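Worksheet: the structure to be examined is printed underneath.
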Amino acid sequence: MLNIASWNVNSLKVRLPQVLDWFESSDTDVLALQETKVTDENFPAEAFLEKGYHIAYIGQKTYNGVAVISKHPIEDVVDALPDFVDEQKRFLAVTIKGIRVVNVYVPNGAAVDTDKYVYKLAWLDALNQFLQTELQKHSKLLVLGDFNIAPEDRDVHDPKAWEGSVLVSAPERKALSDLLALGLTDSFRLFEQEEESYSWWDYRQANFRRNRGLRIDLILISEALNALCQASTINVEPRKNERPSDHTPVKISLHCD
DNA sequence: ATGGTGGTCTTACCA
């Protein structure tokens, strides 16, 4: 079994002990991180290398930043969306055991009718363009990360309150369904899941305790991986940690020979 | 009750 996970850690500096603990205890082979918020010079590489892990990362000061931690060698690293000028470090594609792993931190979008929302939709369009060609080159491909989009109303704790707002708006959901139309599947919905399953809870208003969350951390898989996918889960435990990230890890198990 | 939390080379901004 090959276990692949995604976790928006909201500062790798703060969350490093939690990441190391969870990576080991959860039997994860490949972990995609978002919001590392660390420059490449300050990335805590040694903490992973001394354990024999393989790493790839691209970051910046204060904001954004993505990384991949792997128990298997990493090949063919691409650290930016091609043909898209972007100062923000949100994209990292790697190949591990013949599987193309595309780690994304999709822009949040702030609110509809803002420049950040326009940037979010443009970014998603550039991702779509990239995946069109990438899927022709890699039959085994997955796109995982913080999509900052809840695919459906059942992924939202209070759809009425959220209606039309950023993270659920129709243009964002259209951009997500355009990704799925390339031949990708939201792995979480391949399996029976508990109702009110979420991956992110705002720090404010005791939202986690009240399970007022959204499912915005996704693992999209190509058709060739569909047949190999044995499970897709949300691992809620790390959200209960002291000083938790506001996101919790999501994970798939792939059958491999 | 129009707030609230948490992260960052902070005291403003992002989420």
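Residue numbering restarts at 1 for every chain, and letters A, B, ... go by the order of the sequence lines. Just so it is clear, the model here is predicted, and its values are computed rather than measured.
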Under 3.5 Å donor-acceptor pairs involving side-chain atoms of residues 121-133 of chain A, not counting sequence neighbours:
{"from": "A:Trp123", "atom 1": "NE1", "to": "A:Asp86", "atom 2": "OD2", "distance (Å)": "3.0"}
{"from": "A:Asn128", "atom 1": "OD1", "to": "A:Gln132", "atom 2": "NE2", "distance (Å)": "2.9"}
{"from": "A:Asn128", "atom 1": "ND2", "to": "A:Asp178", "atom 2": "O", "distance (Å)": "3.3"}
{"from": "A:Thr133", "atom 1": "OG1", "to": "A:Phe130", "atom 2": "O", "distance (Å)": "2.9"}

Using the [atom1] atoms only, state how far [M] lies from [N], rounded to an integer number of Å.
{"N": "B:dT5", "M": "B:dC9", "atom1": "P", "result": "22 Å"}
{"N": "B:dT11", "M": "B:dG6", "atom1": "C1'", "result": "15 Å"}
{"N": "B:dG3", "M": "B:dG7", "atom1": "P", "result": "23 Å"}
{"N": "B:dG4", "M": "B:dA15", "atom1": "C1'", "result": "14 Å"}

| query | Does any nucleotide pair with B:dG6 by Watson-Crick or G-U wobble geometry, both distances under 3.5 Å, and what is it? | reply | B:dC14
| request: Assess the pair A:Phe23 and A:Tyr53: is the distance between their ring centroids shorter than 6.0 Å? | output: yes
Value in whole Å for how far the [atom2] atom of [N] lies from [atom1] of [X]:
{"X": "A:Phe208", "N": "B:dG6", "atom1": "CZ", "atom2": "C1'", "answer": "16 Å"}
{"X": "A:Leu12", "N": "B:dT8", "atom1": "CG", "atom2": "C1'", "answer": "14 Å"}
{"X": "A:Arg210", "N": "B:dT5", "atom1": "CZ", "atom2": "P", "answer": "13 Å"}
{"X": "A:Asn10", "N": "B:dG6", "atom1": "CG", "atom2": "P", "answer": "11 Å"}
{"X": "A:Asn241", "N": "B:dG7", "atom1": "CG", "atom2": "P", "answer": "12 Å"}
{"X": "A:Arg243", "N": "B:dT8", "atom1": "CZ", "atom2": "C1'", "answer": "11 Å"}
{"X": "A:Lys13", "N": "B:dT8", "atom1": "NZ", "atom2": "P", "answer": "6 Å"}

| task | Consider only side-chain heavy atoms of I, L, V, M, F, W and Y, link residues closer than 4.5 Å, and tell whether A:Tyr105 and A:Val101 are in one cluster. | result | yes
| ILVMFWY network linking A:Val102 to A:Val94, side-chain heavy atoms under 4.5 angstrom | no
| request: Please state whether the phosphate of B:dG7, meaning OP1 or OP2, lies under 4.0 angstrom from any side-chain nitrogen or oxygen of A:Arg15. | output: yes
Run the side-chain donor-acceptor check on residues 182-195 of chain A: report pairs under 3.5 Å with partners two or more places apart or on a different chain.
{"from": "A:Thr185", "atom 1": "OG1", "to": "A:Asn226", "atom 2": "ND2", "distance (Å)": "3.3"}
{"from": "A:Asp186", "atom 1": "OD1", "to": "A:Phe188", "atom 2": "N", "distance (Å)": "3.3"}
{"from": "A:Asp186", "atom 1": "OD1", "to": "A:Arg215", "atom 2": "NH1", "distance (Å)": "3.3"}
{"from": "A:Asp186", "atom 1": "OD2", "to": "A:Arg215", "atom 2": "NH1", "distance (Å)": "3.4"}
{"from": "A:Asp186", "atom 1": "OD2", "to": "A:Arg215", "atom 2": "NH2", "distance (Å)": "2.6"}
{"from": "A:Ser187", "atom 1": "OG", "to": "A:Ile219", "atom 2": "O", "distance (Å)": "2.8"}
{"from": "A:Ser187", "atom 1": "OG", "to": "A:Ser232", "atom 2": "OG", "distance (Å)": "3.0"}
{"from": "A:Arg189", "atom 1": "NH2", "to": "A:Asp155", "atom 2": "OD1", "distance (Å)": "2.6"}
{"from": "A:Gln193", "atom 1": "NE2", "to": "A:Phe188", "atom 2": "O", "distance (Å)": "2.8"}
{"from": "A:Gln193", "atom 1": "NE2", "to": "A:Ser232", "atom 2": "O", "distance (Å)": "2.9"}

| task | Give the ring-plane orientation class for A:Phe43 versus A:Tyr57, where under 30° counts as parallel, over 60° as perpendicular and anything between as tilted. | result | parallel
| task | Check whether more than 12 heavy atoms from other residues, nucleotides or ligands sit under 6.0 Å from atom CG of A:Asp115, and answer yes or no. | result | no
| remark: Per-nucleotide protein contact along nucleotides 10-15 of chain B, 5' to 3', at a 4.0 Å heavy-atom cut-off (B base, S sugar-phosphate only, - neither), is ---BSB
